[in-house]
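Everything below concerns the one structure shown next.
All figures in this text were calculated on a predicted structure; none of them were measured in a lab.
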Amino acid sequence: MPNDLITVKALASELNDVLKGGRIEKIYQPEKDEINLLIHNKGKYLLAISCNAETPKIAITGVKKENPLVAPPFSMLLRKHLSGAIVESVSLVSNDRIVDFSFNAKNELKDEVKFHIVAEMMGRYSNVLLLNGNGVILDAMKTVSYDTATKRCILPSMPYAAPPQSKTPISDTEAIRKLLREYSSSDVAKYLTSTISGFALVTAKEIVKRSGIENSVSALSENDVEKLIDTVSLFYNVYESDIFSPSVVTDENGVGVDYFVTPYASFSDSFIKKDSLSEAIDSCLRIKDREMRRHDKTKSLAQSLKRFKEKNMRTLQKSKEKLIECEKTETLKKYGELITNNIYLIKKGMKEFTAYDYYDDKEVTIPLNVMLSAGANAQDYFKRYAKLKRTKDIVTKQIAEIETLLDKISMTELAVKNCYTSQDIYELEIELNKLGAIKKFKVDKIKEKKESTPFVYEINGYTLYVGKNNIQNEKLTFKTAKPHDIWLHAKNFHASHAVLVTNGDTIDESVVQTAAEIAIYYSAVKTSNAIECDYTERKNVKRHPSGTLGLVTYTNYKSIRVTANAHNELLKKG
């Protein structure tokens with residue numbers, strides 16, 4: 001994704017047109033590195049500003065995230081100074097990937113004052129700062145005493161300074177012309193990115209292509225230089241140009257994976273145009289951001305579950321090895337019986353003796369303890385037999401219990417991948433605690449009062465619910481679903497329960513197929529091949545006799561072969 005100066009400058013211009021003159025109604029901080037501003041300006045716009053190192057983002061979004069129970073200090077400071085403030089302008093800072101949101105607000109004395117939210121969109125150095133009208137830092141999401149990489153100090157009461165720029169500014173046409181005349185390499189695009197600020201490599205390649213120049217030329221003619229200058233200028237001012245057409249590149253599931261200010265030639269066949277650059281950015285980063293946040297929030301729980309699983313797998317392996325040892329129990333019993341039957345042939349002090357094995361119709365040599373009599377040797381074999389037989393029974397039972405537990409762990413592993421809200425995580429903690437993967441945790445009464453919600457899809461007017469964890473699966477199947485609703489589940493795999501609400505209608509096969517594709521997506525299946533999904537009326541689904549949460553039996557079902565598909569376009573936002 002070209003999160004370069006070209007894109008950020010166009011985005012700032014677009015946001016200025018949309019938000020200028022708007023009033024801030026609400027301020028949230030749903031993540032430690034993201035703020036949301038609800039701005040009213042001939043309509044309501046939710047502006048998301050994230051300085052996450054992996055997915056820095058500024059965009060108007062349609063997704064309102066869950067807010068923490070206690071507001072973080074940075075959001076409280078923003079509320080103190082910016083509640084009710086008017087957006088004065090949105091502009092670029094220092095010809096870099098820095099956006100300045102300027103606000104007119106009123107202080108406690110009702111005097112007009114200015115504040116700035118400065119959003120630096122620079123990868124792992126991304127940051128969001130609040131400045132007063134004099135450019136002094138009031139606070140920042142990421143405070144830095146002194147950064148040797150950026151040569152800056154970011155602390156309250158310090159004057160704000162943009163990061164120093166070592167490359168030639170993209171706005172300095174004469175300096176760029178001089179650099180291009182000095183070019184003597186074999187890769188024009190790389191030369192542009194290494195000498196001029198503001199270009200992602202993919203953008204530089206597009207500029208070279210649109211200029212009609214071979215990227216591998218060893219020298220640039222004066223005509224080539226002017227062509228490149230014109231194209232650089234066109235992209236630098238792309239928002240005001242005719243080529244501005246925000247677009248995204250999607251994957252096979254229709255999920256945006258790249259966004260651009262205009263369709264780039266290298267992706268021209270797979271572009272989908274969007275109404276705004278904000279929409280393009282949000283549609284591409286929404287899923288990636290959600291999965292990254294989920295991973296961060298569930299990392300410790302996932303590690304606990306992994307350790308618990310590995311511990312039980314080691315125990316299972318040892319138990320199976322012990323069971324193999326126990327397989328010689330019948331041999332010990334047989335040796336005892338053969339000694340008893342031939343006791344008159346055995347003399348004290350013999351190390352072994354050979355007897356006819358009437359069990360296997362052959363001769364067998366039996367080791368003896370020279371310190372024991374023949375009868376004592378027989379009793380020793382019988383005692384060892386009895387002990388191993390008891391051990392075998394215990395180990396066999398233990399293996400069955402561990403395999404059942406591992407089965408439950410596999411079911412819970414799916415729930416880890418579906419955690420997005422604090423209540424989802426709380427319910428996962430409950431499951432892990434019941435399994436024994438984590439110790440008792442402090443119960444949050446506020447969390448207990450909230451109810452988690454399953455995934456909700458709309459398929460041709462019909463609603464499909466998909467459980468995120470075993471607690472939701474249980475509730476969805478046996479409380480939410482009605483007898484004639486359609487229940488779906490991946491065949492012979494651990495999977496979330498899916499319920500298609502029929503409203504008493506006869507459901508078209510295409511709707512069932514789409515529902516099945518979604519159900520397979522939320523399963524433990526790790527293949528791109530088509531597999532079977534079972535479906536039946538909910539009345540045919542019963543709780544498993546074992547009483548295991550989320551485990552069921554079902555009858556009178558049909559099966560359909562489908563390929564897993566998230567169908568994110570059908571997923572209700574939230």
Side-chain angles (χ1 to χ4, degrees), residues 253 287 290-313 402-438 452-457 464-478 480-481 487-500 515-529 531-535 541 543-544 546-554 562-568 571:
N253 294 321
I287 301 298
R290 188 179 73 165
E291 288 304 310
M292 182 200 63
R293 303 289 186 188
R294 178 199 62 76
H295 179 269
D296 290 344
K297 291 175 182 176
T298 61
K299 186 176 181 179
S300 61
L301 294 177
Q303 289 175 341
S304 296
L305 186 61
K306 181 182 179 182
R307 288 193 296 268
F308 187 61
K309 181 178 182 179
E310 290 173 347
K311 176 185 175 182
N312 279 279
M313 289 181 72
I402 295 175
E403 287 178 339
T404 300
L405 180 58
L406 287 171
D407 201 46
K408 292 179 180 178
I409 291 172
S410 295
M411 293 170 65
T412 308
E413 283 177 325
L414 284 175
V416 175
K417 299 175 183 178
N418 295 331
C419 282
Y420 296 103
T421 67
S422 60
Q423 185 62 18
D424 293 339
I425 294 173
Y426 176 63
E427 289 179 350
L428 177 61
E429 289 175 340
I430 293 174
E431 285 198 50
L432 294 182
N433 178 251
K434 288 181 177 179
L435 284 174
I438 61 173
S452 64
T453 56
F455 294 113
V456 183
Y457 289 82
L464 175 74
Y465 295 104
V466 183
K468 294 177 181 176
N469 52 53
N470 289 324
I471 293 175
Q472 282 190 15
N473 287 340
E474 184 82 7
K475 181 180 177 182
L476 184 60
T477 299
F478 298 109
T480 304
W487 184 88
L488 305 97
H489 194 280
K491 190 180 188 71
N492 299 327
F493 285 97
H494 294 304
S496 296
H497 295 193
V499 171
L500 183 63
E517 291 171 353
I518 295 170
I520 294 298
Y521 178 79
Y522 291 103
S523 72
V525 182
K526 302 297 182 184
T527 177
S528 58
N529 298 326
I531 68 164
E532 284 188 297
C533 178
D534 294 339
Y535 64 97
V541 183
R543 288 184 175 88
H544 194 272
S546 67
T548 301
L549 191 68
L551 199 61
V552 298
T553 61
Y554 52 93
V562 295
T563 302
N565 191 327
H567 283 293
N568 289 297
L571 179 64

When rounded to the nearest 0.5 angstrom, what is the spacing between OH in Tyr465 and NZ in Lys475? 11.0 Å
Are there over 12 heavy-atom neighbours, none belonging to Tyr535, within less than 6.0 Å of that residue's OH? yes
Ile518 versus Asn565: any side-chain heavy-atom pair under 4.5 Å? no
Look only at the side chain of Glu517 and the backbone of His567, and say whether a donor-acceptor pair between them is shorter than 3.5 Å. no
Output yes when Arg294 and Glu291 qualify as a salt bridge under the 4.0 Å nitrogen-oxygen rule, no when they do not. yes
When rounded to the nearest 0.5 angstrom, what is the spacing between CG in Asn418 and OG1 in Thr298? 10.0 Å
Nearest-0.5 Å distance, CG of residue Asn312 to CD of residue Glu403: 11.5 Å
Is there side-chain contact between Cys533 and Ile520, with heavy atoms separated by less than 4.5 Å? yes
Between His489 (side chain only) and Ala495 (backbone N and O only), is there a donor and an acceptor less than 3.5 Å apart? yes
Verify the distance criterion only: is there a donor paired with an acceptor across the side chains of Asp407 and Ser410 at less than 3.5 Å? no
Is Ile425 close to Leu301 at the side-chain level, that is, under 4.5 Å between some pair of heavy atoms? yes
Where do Leu428 and Thr412 land on the side chain to side chain contact (heavy atoms under 4.5 Å, CB included) test, with the steps shown first? CA-CA 8 Å; Leu428 177 61; Thr412 308; 3.8 Å; yes
Ring centres under 6.0 angstrom apart (Phe455, Tyr522): yes
How long is the gap from CG on Leu406 to CG on Leu435, to the nearest 0.5 Å? 10.5 Å
Over 12 non-hydrogen atoms of neighbours within 6.0 angstrom of NZ in Lys417: no
For Asp424, does its backbone N or O pair with a side-chain atom of Thr421 as donor and acceptor, under 3.5 Å? yes
Enter the distance from Asn470:CG to Lys434:NZ here, rounded to the nearest 0.5 Å. 10.0 Å
Under the side chain to side chain contact (heavy atoms under 4.5 Å, CB included) criterion, do Leu488 and Leu464 qualify, and how do the steps go? CA-CA 10 Å; Leu488 305 97; Leu464 175 74; 4.2 Å; yes
Are any of the side-chain heavy atoms of Thr480 and Val499 separated by less than 4.5 Å? no
Non-neighbouring partners of His544 that pass side chain to side chain donor-acceptor pair (under 3.5 Å), sequence neighbours left out: Ser546
Pair Tyr554 and Trp487, ring centroids less than 6.0 Å apart: yes
Side chains of Arg543 and Glu474: does their closest heavy-atom pair fall under 4.5 Å? yes
Side chain to side chain contact (heavy atoms under 4.5 Å, CB included) assessment of Val416 paired with Leu305: CA-CA 9 Å; Val416 175; Leu305 186 61; 4.0 Å; yes
Do Val562 and Ile531 make a side-chain contact, defined as non-hydrogen atoms from C-beta onward lying under 4.5 Å apart? no
When you measure from the side chain of Gln472 to the backbone of Lys468, do you find a donor-acceptor pair of N or O atoms at a distance under 3.5 Å? yes
Check Ile471 against Glu431 and note the closest heavy-atom contact, atom names and distance. N-OE2, 3.7 Å
Could you go step by step and tell me if Asn473 and Met411 meet the side chain to side chain contact (heavy atoms under 4.5 Å, CB included) rule? CA-CA 11 Å; Asn473 287 340; Met411 293 170 65; over 6 Å; no
Charged N-O contact under 4.0 Å between Glu413 and Lys309: yes
Report yes or no: is the cationic atom of Arg293 (NZ for Lys, CZ for Arg) closer than 6.0 Å to the six-membered ring centre of Tyr420, at no more than 45° off its axis? no
Okay, side chain of Ser496, backbone of Gly467: is any donor-acceptor separation there less than 3.5 Å? yes
Pairwise distance CG(Asp534) to CD(Glu532) - rounded to 0.5 angstrom: 6.5 Å
